[in-house]
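Structure first, commentary second.
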Protein chains: 2
Amino acid sequence: MQVLALKENQDVVREGDRPSRSCLILSGFVCVYKITGEGKRQIVTFNIPGDIPDLQSLHLKVLDTSVGTITPCSVGFIPHEALHDICIRHPRIMSAFWRETLIDSAIFREWMTSMGRREAYGRIAHLLCEMLVRMKAVGLAEDLACNLPITQAEFGDALGLSTVHVNRILQELRANGLIELKGDRLNILDWDRLKEEGGFDPTYLHLEREREAS
Amino acid sequence: MQVLALKENQDVVREGDRPSRSCLILSGFVCVYKITGEGKRQIVTFNIPGDIPDLQSLHLKVLDTSVGTITPCSVGFIPHEALHDICIRHPRIMSAFWRETLIDSAIFREWMTSMGRREAYGRIAHLLCEMLVRMKAVGLAEDLACNLPITQAEFGDALGLSTVHVNRILQELRANGLIELKGDRLNILDWDRLKEEGGFDPTYLHLEREREAS
DNA sequence: CGGTCATTTGATGATCATCAAAGTCCGTGG
DNA sequence: CCACGGACTTTGATGATCATCAAATGACCG
């Protein structure tokens with residue numbers, strides 16, 4: 001596995017590429033995004049250490065999204081050949097990889113629900129809940145706080161909102177005593193109300209390790 | 001495989017279920033959806049014959065979405081046990097199933113982009129393009145026409161719009177000579193402009209069968 | 001032929017985008 | 001050490017897109 005250090009705001013892979021390897025995030029934040037015909041950006045997910053943002057390229061030859069860094073990152077590249085080998089020889093590991101991509105899918109479904117049917121206030125609350133829970137799952141968060149190096153413009157691109165609107169909603173969330181968010185630091189002051197406002201239910205993240213049937 | 005005939009507007013499986021089988025759509029239209037805390041519905045995808053809307057339940061024990069019929073349907077239920085058996089014995093088939101779920105994922109990403117960064121007009125145009133291409137891929141469409149038994153309320157729930165707004169945009173699309181849409185019948189009059197307006201690029205559907213590397 | 005469901009129309013207002021500019025923070029170089 | 005520059009955040013003002021409510025019309029079906 002080749003390991004690269006990348007600066008912030010760099011593309012790891014680009015829509016249209018036909019990569020022969022997938023990238024494992026070792027440290028830092030990345031996002032998966034698309035650019036529309038009119039040049040607008042939609043971030044479809046954030047990825048944190050432990051994630052493989054383009055694992056799908058193992059089976060879908062042409063990338064339909066780009067992956068870009070948000071912070072400086074350390075990224076490991078795993079040749080598809082090696083992944084295929086492992087998968088053929090160890091069906092259980094193949095299942096585990098498959099399962100990871102299914103969880104990504106579940107996150108997409110939840111984001112769609114946010115964008116389609118929650119207004120900005122709940123949408124942001126929901127995303128903050130998700131990020132904290134995911135960061136905790138990989139040991140990168142304390143009980144109610146974590147680093148969250150995401151700019152307001154990036155929040156906007158992820159949630160389908162303008163930067164200005166994100167800014168105003170964040171101020172509301174702060175004014176209502178739900179969060180502190182300054183620089184890279186997120187501090188959740190009222191977890192229950194934040195969950196409530198975002199309609200957040202972590203089931204979709206499928207975090208409890210479940211015994212496989214086979 | 002057990003086959004059931006279902007009426008329209010019936011749930012096949014429900015969020016929270018822990019199914020021991022997955023459902024293959026043999027005929028009819030279904031949708032995958034979530035209900036938010038405030039009782040709003042978000043349809044995250046439509047499924048047509050040949051699709052397996054809850055294949056993910058093979059690896060994710062708790063369903064995070066419901067599947068409901070849109071029209072009368074014929075649905076086949078395949079026990080997870082049988083699927084696991086096939087997967088263990090035929091890694092290539094396992095890969096093929098995995099690939100199907102990855103394409104679902106790609107569709108989710110595209111829908112997110114629509115909802116976040118396209119306005120209603122383009123959003124509807126895009127969905128119409130997608131549905132025609134997918135219907136053609138399973139032999140259920142002519143060159144520029146197909147059955148599309150989706151109500152305006154369902155369009156709204158899929159696109160994050162109100163029924164009223166969907167209605168008005170559809171009238172615009174008709175007035176501009178892009179489509180005919182009456183009852184269950186969709187007729188595309190100007191494919192190029194419809195594609196253009198929706199920013200539609202079918203790459204994300206990954207329809208060209210690609211040779212596997214292994 | 002009434003009844004249900006889907007579509008259509010009109011009117012009003014909320015949410016959110018856009019544009020422009022000012023303010024803050026922080027690293028860099030003179 | 002301070003000035004400069006750049007990225008990010010904040011503020012204000014205006015208007016477009018879209019939701020909501022209510023009601024009418026049309027289509028289909030037993």
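We name chains A, B, ... by the order of the sequence lines, and we start the count at 1 in each one.
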Sub-4.5 Å side-chain heavy-atom contact between B/Leu205 and B/Arg134: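 Side-chain contact under 4.5 Å: yes.
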B/Leu58 and A/Trp98, any side-chain heavy atoms less than 4.5 Å apart: yes
Heavy atoms from other residues, nucleotides or ligands near CD of B/Glu81 exceed 12 (cutoff 6.0 Å): no
Exceeds 12 heavy-atom contacts within 6.0 angstrom, atom CZ of B/Arg14: no
Rounded to the nearest angstrom, tell me the gap between atom [atom1] in [X] and atom [atom2] in [N].
X        : N     : atom1 : atom2 : result
B/Ile124 : C/dT7 : CD1   : P     : 12 Å
B/Lys182 : C/dT7 : NZ    : P     : 11 Å
B/Asn167 : C/dA6 : CG    : P     : 13 Å

Mutual orientation of the aromatic rings belonging to B/Phe155 and B/Phe46 [parallel < 30°, tilted 30-60°, perpendicular > 60°]: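 Answer is perpendicular, since the angle exceeds 60°.
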Mutual orientation of the aromatic rings belonging to A/Tyr204 and A/His126 [parallel < 30°, tilted 30-60°, perpendicular > 60°]: parallel
Do the side chains of [X] and [Y] get close enough for a salt bridge, i.e. N-O under 4.0 angstrom?
X        : Y        : result
B/Arg118 : B/Glu197 : no
B/Glu110 : A/Lys34  : yes
A/Asp143 : A/Lys136 : yes

Close residues, residues 113-120 of chain B, relative to DNA chain D [heavy-atom separation under 4.0 Å]: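 Listed by number, they are B/Glu119, B/Ala120.
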Residue of the set A/Thr45, A/Asp11, A/Asp157 for which side-chain hydrogen bond (donor to acceptor under 3.5 Å, both in side chains) holds with A/Tyr33: A/Asp11
Heavy atoms only, 4.0 Å cut-off, all strands: where does [X] land among base, sugar-phosphate and nothing?
X        : value
A/Leu161 : sugar-phosphate
A/Ser162 : base
A/Gly156 : nothing

Donor-acceptor contact below 3.5 Å, side chain A/Thr65 vs main chain A/Glu15: no
Most 5' of B/Asn9 and A/Tyr121 on DNA chain C, judged by nearest nucleotide: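 First, find each residue's nearest nucleotide; the 5'-ward one identifies B/Asn9.
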Terminal axes of the helix from C/dC1-D/dG30 to C/dG30-D/dC1 (five pairs each): angle between them, nearest 10 degrees: 30°
Covered region of DNA chain D, 5' end to 3' end, by chain A [heavy atoms, under 4.0 Å]: D/dC8 to D/dA13
